[in-house]
Amino acid sequence: MTDYLTDFVTHLHAQDRSAHTIAAYQNDVAAFFAWLETQLGQPVLPVEVTPFDVQRYRDALENAGRQPAGVNRRLAALRGFFAWAIAAGHASINPVQSVRGVRQDPRTPKALTAQEVYRLQREAAAQRQLAQARAGDAVTPTLVDALRDEALLNLLLYTGLRVSECAALRVEDVVLSGKDPRVIVRSGKGRKYREVPLHKTARQALEAYLAVRSADRGNALFLGQRGALGARGMQFRIAALAEAAGVEDVTPHVLRHTFATRLLREAGADLVTVAALLGHASIATTQIYTQPSASDKAAAVAGLK
């Protein structure tokens, strides 16, 4: 299977799929063929795989306690692999095509409450104020980092950018002057360009950070100790702020969900607008934010007399 997987990965790269997607597909396909080999006692070629094998694999994953979303993701990876295998002449049918996925209730993505957003923003502001007090009139590395973290937090909260998009931002992608302050995402998911308006809170935080950001360390908007602050570094900084604020399970992706949820529930934005701001290819993806959360359901039941 090694050669098949190598060729499949090359195909995914040629399709310009993300590194995360490629790694997930590679692992999922490898896991299926390893499982099938243990079932039959010998390696199996793609052309030999039957729908019965895939059905049994799906059932085995369910019986092992895998969540429906995880099972369906593995089936999607296999569906993509066999579509490639047919085109490459390594299989004659797609054995996944007739296998149904596991039904799952639409889950509302985790979003922060207004109180949690307040605590996060307050923590970032408090750290910045403390750094300013200690620095006096000087510009210290601690002050720069505090201003960067506050700008990063508010940018994510008020634009809903993916962390990969945020890590790819250059200084010139942030337009702060004029009547139309915005952030430019030049290569979002699917290589799609979009512009997201900047809320005044995010704009002010970015202005304060850019006023002290070193101008001779490249064009990346957010800088760490060794150059551009990458996605992992951003995840770490957000997690550190959340821990200091006493807010659990906060990631850049949760901030993205929070942005979308607030747009729909607080700002009254329509789905088409939210989809455009998030960079969703389909409005169906955005509709998940309209699903009631567990707390919404509990509140509804508690309101009965």
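The first residue of the sequence shown is numbered 1, and numbering continues consecutively from there.
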Problem set entry | Side chains of Ser18 and Thr21, donor plus acceptor under 3.5 Å |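 There is such a pair (donor and acceptor under 3.5 Å, judged by atom type) between the side chains of Ser18 and Thr21.
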Exercise. Between the side chains of Thr50 and Asp53, does any donor sit under 3.5 Å from an acceptor?
Worked result: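 Yes, a side-chain donor-acceptor pair sits under 3.5 Å.
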Any donor-acceptor pair under 3.5 Å from [X] side chain to [Y] backbone:
X      : Y      : result
Arg182 : Pro197 : no
Thr258 : Leu112 : yes
Tyr209 : Leu221 : yes
Arg58  : Arg100 : yes
Arg148 : Leu223 : yes

For this session: Sequence neighbours left out, what passes ring-ring contact (aromatic ring centres under 6.0 Å, His included) with His280? Give chain and number order.
Result: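 Listed in chain order: nothing, the list is empty.
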For this session: Can you sort out the partners of Phe82 under ring-ring contact (aromatic ring centres under 6.0 Å, His included), two or more places apart, ordered by chain and number?
Result: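 Partners of Phe82 by the ring-ring contact (aromatic ring centres under 6.0 Å, His included) criterion come out as none, since no residue qualifies.
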Problem set entry | Qualifying salt bridge (charged side-chain N to carboxylate O under 4.0 Å, His left out) pairs, either residue in residues 11-20, two or more places apart |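 For residues 11-20, and leaving out neighbouring residues, the salt bridge (charged side-chain N to carboxylate O under 4.0 Å, His left out) pairs sorted by first residue read Asp16-Arg191.
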Problem set entry | Inter- and intrachain pairs under salt bridge (charged side-chain N to carboxylate O under 4.0 Å, His left out), touching residues 125-136, at least two apart |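 Checked against salt bridge (charged side-chain N to carboxylate O under 4.0 Å, His left out) - neighbours excluded - the pairs reaching residues 125-136 are Arg128-Glu150.
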Problem set entry | side chain to side chain donor-acceptor pair (under 3.5 Å) contacts touching residues 69-87 (sequence neighbours left out) |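 Pairs touching residues 69-87 that pass the test: Asp28-Arg73, Tyr57-Arg74, Asn72-Gln104.
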Exercise. With sequence neighbours left out, which residue pairs that include part of residues 225-234 fulfil the side chain to side chain donor-acceptor pair (under 3.5 Å) condition?
Worked result: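 As it turns out, there is no side chain to side chain donor-acceptor pair (under 3.5 Å) pair with a partner in residues 225-234 once direct neighbours are skipped.
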Are [Y] and [X] connected in a single hydrophobic cluster, I mean Ile/Leu/Val/Met/Phe/Trp/Tyr linked by side-chain heavy atoms less than 4.5 Å apart?
X      : Y      : result
Leu156 : Tyr118 : no
Ile86  : Val9   : no
Leu78  : Leu40  : yes
Val47  : Leu5   : yes
Leu264 : Leu277 : yes

Set of salt bridge (charged side-chain N to carboxylate O under 4.0 Å, His left out) partners for [X], sequence neighbours left out:
X      : answer
Arg119 : none
Arg194 : Glu165
Glu207 : Arg203
Arg262 : Glu266

Problem set entry | Contact summary for Gly178 and Pro181, nearest pair of heavy atoms |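 Answer, listing the atom of Gly178 first, then Pro181: O-CD, 4.0 Å.
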Exercise. Which heavy atom of Leu198 sits nearest a heavy atom of Ala202, and at what distance?
Worked result: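 The pair with the smallest heavy-atom distance is CD2-CB, 4.1 Å.
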Problem set entry | Residues which pass side chain to side chain donor-acceptor pair (under 3.5 Å) with His253, listed by chain and number, not counting sequence neighbours |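 Expected list: none.
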Exercise. Who passes side chain to side chain donor-acceptor pair (under 3.5 Å) against Glu123, sequence neighbours left out?
Worked result: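 So Glu123 forms a side chain to side chain donor-acceptor pair (under 3.5 Å) with Gln127.
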Exercise. Do Val183 and Val175 pass the side chain to side chain contact (heavy atoms under 4.5 Å, CB included) test, and can you show the C-alpha distance, the side-chain angles, and the key distance before you say yes or no?
Worked result: CA-CA 6 Å; Val183 59; Val175 180; over 6 Å; no
Problem set entry | Trace of the side chain to side chain contact (heavy atoms under 4.5 Å, CB included) decision for Leu241 with Leu152 | CA-CA 11 Å; Leu241 276 176; Leu152 173 63; over 6 Å; no
Exercise. Measuring from Phe222:CZ to Arg170:CZ, what's the distance to the nearest 0.5 Å?
Worked result: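 Atom-to-atom, Phe222:CZ and Arg170:CZ are 13.0 Å apart.
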Exercise. About how many Å separate CG of Leu12 and CG of Asp7, when rounded to the nearest 0.5 Å?
Worked result: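 Here the interatomic distance stands at 11.0 Å.
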For this session: Check step by step if side chain to side chain contact (heavy atoms under 4.5 Å, CB included) holds for Leu120 and Glu116.
Result: CA-CA 6 Å; Leu120 274 177; Glu116 289 172 327; 5.9 Å; no
Exercise. Given Val96 and Phe81, is the side chain to side chain contact (heavy atoms under 4.5 Å, CB included) satisfied, shown in steps?
Worked result: CA-CA 10 Å; Val96 192; Phe81 170 79; over 6 Å; no
